[in-house]
Amino acid sequence: MSSLSDKIIDWSKSLPYWEQSALQKIIDGVEFTRPVYTELLGYLLEDAGLKEPAGKRPTLNISQKIEASVLQPSQNRYLKRMFGVQNVNALASGQELSFSPNLTVIYGNNGSGKSGYARIIGNTAFTRGDKQVLMDVTKQYDPSLPQTVCFEIEDDNGSKTIEHHLGQQCYEMDMFHVFDSTSARVHLTKQNTLSFVPAGLQYLTQLAEVTDVVRSRLSQEVEKRRQQNHFIDHFSEDTEVKTVISNLNAQTDIVALRKMSNLSNQESARLETIDKGITSFQTQNVLEEIKQIELKISDLQKLITKLETLAKALDQEKIQSINEQISEWAERNTLVSSLSRKSTNIGTDIAIGTSLWLQFVESAHQLATNGERTEQAYPQSGDVCLLCNQPLSPSAMDHIERLWSILESDALTGFQNLDLQLQNIQAEIDELELDFFNDQLVSYRHLQRYDQNVLVNIQEIIETFASIRQEIILGIINKQPIGSKPAPKFPLDKVNQLIFNLEKEAIQLKETDTRFQVARLKEEKIRLQHRQKLAKLMPDIEKYVNNEIWIVQAESSKTKRSTRHISQQFNALFDELVTQRYIQLFTENLERLNFRASVQVNTRGRKGETLKQIVLQMDESVPTGQVQTEKVLSEGEQKAVALADFLTEVALDEVCSGIVLDDPVTSLDFDWKDLIAPLLVKEASQKQVVILTHDLHFLYCLKEAASNTQGIDLVAHWIEKRDGIPGWIFQNNTPLSEGDYKSTHKAQTYLEQAKQASPELQQTFLQAGFGALRTNYEAFVIFDLFGSVVMRFGERISIDRLKYVYINPDIKDTVIQKVGFLSRYIEGHLHSDAYILQKPTPDLLKQEIDEFNGLKKRHKDYLKEMGTK
């Protein structure tokens with residue numbers, strides 16, 4: 001059993017039954033239909049005690065299930081060939097690339113079309129570089145033209161041909177990772193997401209998704225149960241019963257409510273006799289008068305309260321306290337301004353230390369700390385300015401950190417607290433009500449009628465309070481001391497005497513008013529009737545309250561839970577199995593390249609993702625962000641580090657079965673190439689490797705490494721730009737295969753195939769035959785005419801072999817004429833029908849093969865005449 005499965009199994013034991021059941025269904029490959037989600041919801045409700053168990057639950061056996069499913073190897077799959085390229089860059093049409101299951105090398109000069117083919121694969125596969133594939137920009141742009149390519153994929157089930165439109169998803173090509181110059185820069189300089197997930201870990205991702213759906217269904221059940229409180233409609237008048245009914249919820253005391261609804265025999269009898277008592281009273285028309293007196297009393301009491309509130313809020317003690325705070329504010333303001341200018345080194349033309357300036361700094365700090373960062377604070381190397389979105393320089397980062405230190409200083413904190421206190425005091429003073437006394441009030445009209453002196457006195461008091469309030473507000477705003485003004489005296493005894501007289505008058509009226517007694521009896525009747533209604537509604541009320549209790553429990557964090565525990569386990573395993581493994585493999589790849597520069601991979605989390613970035617290991621004295629990796633490493637070192645990062649990603653991606661590398665050794669010296677070639681050949685023993693290169697030395701390094709590695713099938717093709725058109729493919733024809741063309745064996749083979757082929761295929765074999773024969777002439781020039789003195793793709797010149805070089809002018813002219821003649825019949829040139837005087841036929845190919853062999857014999861005879869071997 002794998003280590004990953006052990007960890008998932010141990011962790012799953014801590015889950016509630018419903019989540020364990022969901023995990024087992026995921027591992028079993030169960031399709032999550034509506035009935036399955038209903039089953040899981042039932043288990044959740046049972047776990048929470050919100051539903052009686054439906055019966056004996058199935059026994060779970062996650063241990064055995066997960067053991068058989070974790071870390072299954074990916075299906076054997078490789079790219080067999082690529083053909084049918086249309087409207088891609090300016091690539092020649094009708095070309096085809098075949099690929100070895102192990103190692104394929106495509107050799108050609110710069111501009112020959114290598115990157116065009118690599119970009120096609122990059123558009124359909126995984127790459128961190130540029131995926132855009134253009135049309136031929138030298139021709140009129142026509143967006144209706146389809147950009148297409150055909151892939152033939154080989155896997156355990158056989159071959160499959162796919163006609164793919166570029167820009168769309170091609171799942172069959174997800175197996176490839178592409179490395180080119182654009183992706184190399186991203187690998188080296190950017191933060192990249194660790195996107196691959198080990199097999200088995202996806203179960204936790206699925207579990208989070210499934211449990212979210214179950215919780216969503218639980219929320220739907222909650223909404224179904226949520227009801228409006230219609231019981232309040234049965235109670236119109238205000239009573240104790242109505243108050244309780246208005247606030248029915250999960251905390252309602254049902255026992256107390258039942259007790260309230262239970263009328264005693266005496267209370268039931270009392271309810272029957274109240275109506276008789278009401279009719280027996282003699283009504284008197286003084287109830288409205290009592291109501292008016294009570295209104296006057298209430299209004300006068302409110303007047304007293306408001307004046308006392310003003311007196312307390314605007315007394316001398318309050319003014320003295322505000323003056324002390326203003327004085328302290330001025331001292332702290334001076335201190336903060338001085339500290340700010342010293343810390344920020346900003347000229348006097350900036351309003352440093354002002355409230356506006358501090359608000360600007362605080363807003364910037366809040367924006368920096370309220371983002372998605374989870375481990376490192378802003379600013380860090382690579383961050384950008386919050387205002388202009390430009391990369392932060394070291395001095396800018398240092399400046400921002402000094403601003404943060406000011407925000408954290410005790411001086412600023414004290415200043416801000418004091419400023420906030422003064423603002424709060426100002427708001428409190430400003431909110432004091434001063435326009436509450438006018439002729440619309442009952443108390444005003446009462447004083448106007450019974451005591452004009454008290455009325456005037458109160459008006460003067462209110463005006464004085466208004467003046468004091470204004471002085472305090474201005475003092476706080478301007479941060480200036482507030483002058484003292486004695487608080488006015490309020491004629492409380494006179495107002496209290498008026499209230500006493502009114503209360504005495506009301507008591508006398510109540511003692512003689514029979515209608516007051518009638519109102520009291522009616523109130524008693526309503527209270528008893530409400531309790532009587534409550535008794536009838538109690539069964540439904542109890543159901544409502546129990547339902548509210550169910551909802552509260554269903555919505556509790558203990559019942560609903562969240563996916564946090566799943567995410568935490570996923571992140572922990574991901575860090576252990578991917579992040580740490582990534583760092584280890586990256587270090588090992590650098591060691592394989594004998595790379596001694598101080599680079600490392602840093603990782604950090606962000607919203608459930610893990611980001612990696614290649615950084616330099618610097619001396620502690622070097623400020624953070626002082627240097628960048630791409631500015632310290634040489635161009636060759638940059639390419640090597642980026643390649644190591646790419647190979648690390650490939651090693652960790654379990655579904656990757658092929659990689660494409662476009663000029664991976666550009667800017668690298670011979671030593672680097674000698675190291676990288678065996679490394680890529682080793683990759684070819686584990687997955688399909690396709691390399692496009694213009695580097696001859698690297699080509700021979702790959703050949704040497706492949707020949708020293710058992711089981712590696714190396715296929716090499718040539719790509720050229722002819723007549724201004726890139727992308728002409730010559731399969732199995734590279735500097736590695738020059739020796740194969742010393743004889744006409746290949747041309748003879750194509751001739752025999754052409755004789756047996758249908759008319760349509762015959763032309764294809766004849767073109768290949770003429771092309772092979774043309775290459776025979778090129779090999780003849782290298783190996784025969786020039787005696788291998790100068791190998792077209794060799795590094796050394798064999799000077800000592802010059803003594804064997806003799807060239808017959810007639811033979812030289814024949815070679816020139818024949819190469820031009822044969823070029824008419826190969827795929828590499830396009831001619832009009834009028835130019836081709838004779839269509840290629842098997843007889844013509846045979847004739848040309850015989851003439852070539854005759855030419856070789858003539859040259860040998862000539863060398864013998866000249867006295868050479």
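Counting from 1, the numbers follow the sequence of the chain as shown.
- Heavy atoms from other residues, nucleotides or ligands lying under 6.0 Å from NZ of Lys160 number 12 at most.
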Inset, instruction - Please lay out, stage by stage, how Ile849 and Leu751 fare under the test side-chain contact (heavy atoms from CB on, under 4.5 Å). - result: CA-CA 9 Å; Ile849 292 174; Leu751 173 61; 4.1 Å; yes
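- Within a 6.0 Å radius of CZ in Phe786, no more than 12 heavy atoms belonging to other residues, nucleotides or ligands are found.
- Under a 3.5 Å cut-off, the side chain of Gln95 and the backbone N or O of Ile729 do form a donor-acceptor pair.
- Here His697 and Phe670 bring their ring centres to under 6.0 angstrom of each other.
- Side-chain contact check for Gln763 and Gln767: no donor-acceptor pair (N or O, by modelled atom type) lies under 3.5 Å.
- For the 3.5 Å distance criterion, the side chains of Gln731 and Ser98 qualify, holding a donor opposite an acceptor.
- We find the CG-CG distance between Leu593 and Leu675 to be 6.5 Å, quoted to the nearest 0.5 Å.
- In this structure, Gln688 contributes its side chain and Ser100 its backbone to a donor-acceptor pair below 3.5 Å.
- Asp663 places a side-chain N or O within 3.5 Å of a backbone atom of His694 that can act as its donor or acceptor partner.
- Annotation: Phe126 is not in aromatic contact with Phe176 [ring centroid separation under 6.0 Å not met].
- Residue Leu23 holds its CG atom at 7.5 Å from CD1 of Ile8, rounded to the nearest 0.5 Å.
- Side-chain contact, Thr693 with Asp695: no donor N or O sits under 3.5 Å from an acceptor N or O.
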Inset, instruction - Starting from the C-alpha separation in whole Å, work towards a yes-or-no answer on salt bridge (Lys or Arg N to Asp or Glu O under 4.0 Å) for Arg77 and Glu154. - result: CA-CA 6 Å; Arg77 181 190 299 172; Glu154 181 84 13; over 6 Å; no
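- No donor-acceptor distance shorter than 3.5 angstrom exists from the side chain of Asn123 to the backbone of Arg119, with no hydrogens or angles considered.
- Asp662 and Ser115 share a side-chain donor-acceptor pair at under 3.5 Å.
- Geometrically, Arg774 does not engage Tyr777 in a cation-pi contact defined by less than 6.0 Å to the ring centre and at most 45° from the axis.
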